[in-house]
Trainee: 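Here it is, the structure in full.
In the text below, chain A, chain B and the rest are named by the order of the sequence lines, each starting its count at 1.
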Amino acid sequence: MLSQFSFIIHSFIHRCFIFIHKPMELLTTVPDQEKSESRTMPLILWDSLLPAEAVSGNQDLITDILLRLPVKSLLRFKCVSKQWHSLISEPRFSRHYRSLASAGIIFCGTNELIHHVSCSGRNSEPPFKSLDFISDSAGIKILQSCNGLILCCSLFELGKNRNYYICNPSARQFLVLPPPNAIESDESLTIFGVHLAFDPCKSTHYQVICVRNCSPSSAATNDHYQIGIYSSETRHWRLSGSPFSAPFDMVFDNGVLWNGTIHWISPTGVSLCFDIVQEQLQEMPSLPSNEKWSKRRLRYFGESGGHLHLIEIYGAGTTEFEVFEMERDYSCWISKYQVNLAAIINAYPEMARSYPDSHDSRFYLFSILFVQENEEGSSLLLHIPGKFICYNLRDKTFKELCEFGANSTKVNTSFQHIGCFHAYQFMETLAWV
Amino acid sequence: MSTEEDTVQEKKTISLKTSDDEVFELEENVAMEFGTVKAFFGDDGVPRDMMMPIPNVHSKELTRIIDFCTKHLDLKPKAELDEAGKKELRKFYKEYMKEDTTERIMELILAADYLNVNDFLDLLNQTVADRISNKSVEYVRKLFGIESDYTPEEEEALREQYAWAFEGVDEDPAED
């Protein structure tokens with residue numbers, strides 16, 4: 001109240017106070033001595049309202065302020081007034097909502113630990129801490145994160161089909177997808193991969209693409225796979241195109257979305273991509289030469305900032321490798337960055353290990369979590385024992401992101417001491433699942 | 001600013017007259033940060049030595065806006081050069097509105113909106129957003145002078161629907 005009084009006095013000196021328009025609402029917020037000056041008039045004089053009220057009454061200004069809030073606050077502020085409720089619920093508002101403040105990378109471990117690192121590197125409040133609002137007896141794991149929506153599935157349980165969920169974790173909202181393996185078939189088929197495609201700039205609707213095998217009756221001898229598409233607009237699955245064949249080792253559950261197209265690669269070097277809009281399957285240029293090595297060693301395949309990246313590392317003791325990027329015209333993979341981990345290994349000698357039966361050969365414990373490209377720069381996010389490291393791909397400097405104790409990481413095998421982590425880009429969205 | 005030649009000195013300043021009849025002379029490059037001023041003088045037409053009235057802006061607000069624009073114009077090119085410059089600009093944004101009351105910020109928002117000073121308006125709106133983020137519904141209503149138009153039943157239903165969003169909300173801050 002004190003501030004309001006001091007403001008009123010200030011205003012007396014500088015402005016003329018006339019009360020108009022919706023006198024009842026204004027009167028209730030102003031002390032008694034002002035009431036005697038109230039009159040009803042048909043128009044609002046710009047400087048007759050308290051500044052905060054003038055801002056609140058200006059649709060453009062209040063919208064600009066609200067667009068900067070986190071989802072949790074926005075949903076709560078629907079309660080402020082009916083005007084705020086309709087403003088926040090408008091489809092136009094959620095289309096414009098891009099919470100840059102919440103943009104960052106989330107790290108998920110096998111025991112559902114979720115850490116969050118914002119784009120600017122500050123450890124800020126994570127937009128969500130767990131997905132426990134989705135209750136599934138088997139537990140759930142994240143498959144992909146796409147512009148604020150997350151595709152997850154239940155963990156494996158013997159004798160049960162997996163459930164697939166689409167959720168907006170910021171709004172604590174989720175949807176159970178109808179089972180993909182039952183599309184146009186009574187038989188329970190195998191699902192090889194499921195992928196979410198959501199671009200709020202293009203549409204408020206999202207799609208889920210799955211790759212499954214064909215029912216034996218319909219397939220030709222070699223064509224084993226079929227694509228199914230789920231649309232949030234129609235709320236059901238349909239088959240897309242005709243059955244197709246792919247190398248037996250094609251990894252369909254490690255697809256990457258780039259340019260509205262899902263990309264899959266296989267260790268034998270063949271890669272496929274599926275354009276979601278055109279519903280067309282195409283082959284991609286072959287992977288970079290793997291020289292004398294007979295088996296490909298893929299360490300990273302992902303997308304960031306409109307670029308598709310690939311990292312392969314050959315040789316256990318290798319500390320230098322390249323980050324490849326796909327040309328926009330799909331002509332070939334080009335070598336974009338050279339990485340040398342020697343400086344990091346020097347700083348963190350716990351990364352080095354030697355084989356139990358040989359003192360000469362060493363190998364290094366690290367997993368590549370993410371290659372990040374944005375206006376701030378390009379960096380490689382690594383997981384090493386007990387830490388996350390951010391390696392700047394341009395100036396080759398590095399820094400620690402956050403540290404967590406050894407007891408929170410699961411020991412996978414007897415000699416590894418890095419947990420199984422996955423990193424996903426995430427930015428809050430108001431999109432409805 | 002003065003030249004060796006004996007032609008008329010190019011003043012390169014713009015005059016603005018505020019609502020309280022004060023006249024400000026600002027350097028042209030600072031004045032052109034104001035979208036309204038830029039539109040007023042345009043590429044041709046209105047001569048630059050004409051005084052522009054800004055009846056909706058008080059001298060107190062204008063002084064502050066000029067201060068922001070001058071400092072911002074200095075820091076922005078440095079931020080595009082290197083990381084240190086970026087850091088300094090980020091620090092400037094973080095510290096510039098720290099001492100101001102929320103009311104003062106609202107006055108500045110209205111002035112910056114009228115004058116179309118987009119960079120400052122961005123910072124001001126972000127500051128308000130940061131101050132209301134994770135605060136209670138009551139605090140926000142009081143701040144903006146908004147009366148709830150929900151019936152008690154409607155409000156109760158909403159609070160139940162988003163019950164989780166009402167948990168962990170900050171305490172209402174003390175008066176500015």
Trainee: Closer than 4.0 angstrom, basic N to acidic O: yes or no for B/D100 and B/R64?
Mentor: yes
Trainee: For the pair B/K142 and B/D172, find out whether any cationic side-chain nitrogen is under 4.0 Å from an anionic carboxylate oxygen.
Mentor: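 No salt bridge links B/K142 with B/D172.
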Trainee: Checking B/I132 against chain A: side chain, backbone, both or neither under 4.5 Å from a heavy atom?
Mentor: both
Trainee: I'd like to know which of B/A165, B/G168, B/S133 tops the heavy-atom pair count under 4.5 Å against chain A.
Mentor: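 Between B/A165, B/G168, B/S133, the count favours B/A165.
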Trainee: I'd like to know if B/E155 pairs up with B/R159 as an ion pair, taking the criterion as any Lys NZ or Arg NE/NH1/NH2 lying under 4.0 Å from an Asp or Glu carboxylate oxygen.
Mentor: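 Looking at B/E155 and B/R159, the cut-off is met.
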Trainee: Can you tell me which portion of B/E156 sits under 4.5 Å from chain A's heavy atoms? Options are side chain, backbone, both or neither.
Mentor: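 Neither; nothing under 4.5 Å.
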Trainee: So what's closer than 4.5 Å to chain B heavy atoms on A/T63: side chain, backbone, both or neither?
Mentor: neither
Trainee: For B/T127, is it the side chain, the backbone, both or neither that has a heavy atom under 4.5 Å from a heavy atom of chain A?
Mentor: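 Neither part.
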Trainee: Using non-hydrogen atoms and a 4.5 Å limit, figure out which bit of B/E138 sits close to chain A: side chain, backbone, both or neither.
Mentor: neither
Trainee: Using a 4.5 angstrom heavy-atom cutoff, name the option from A/L66, A/L74, A/V71, A/L61 with the most pairs to chain B.
Mentor: A/L61
Trainee: Taking the six-membered ring for Trp, are B/F68 and B/F92 closer than 6.0 Å centroid to centroid?
Mentor: yes
Trainee: Name the member of A/D60, A/I62, A/V55 that forms the most heavy-atom pairs with chain B at distances under 4.5 Å.
Mentor: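 Highest number of heavy-atom pairs under 4.5 Å: A/V55.
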Trainee: Do NZ/NE/NH1/NH2 and the carboxylate oxygens of A/K82 and B/D149 come within less than 4.0 Å?
Mentor: no
Trainee: What part of A/L67 gets within 4.5 angstrom of chain B, counting heavy atoms only: side chain, backbone, both, or neither?
Mentor: neither
Trainee: With a 6.0 Å cut-off on ring centres, are A/F128 and A/F426 close enough?
Mentor: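 Ring-ring flag for A/F128/A/F426: true, centres closer than 6.0 Å.
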Trainee: Go through the atoms of B/Y162 and report whether side chain, backbone, both or neither lie under 4.5 Å from a heavy atom of chain A.
Mentor: side chain
Trainee: In plain terms, say whether A/R68 and B/D122 are close enough for a salt bridge, that is, a side-chain N and a carboxylate O under 4.0 Å apart.
Mentor: yes
Trainee: Tell me, side chain or backbone of A/N58 under 4.5 Å from chain B's heavy atoms, or both, or neither?
Mentor: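 Side chain only.
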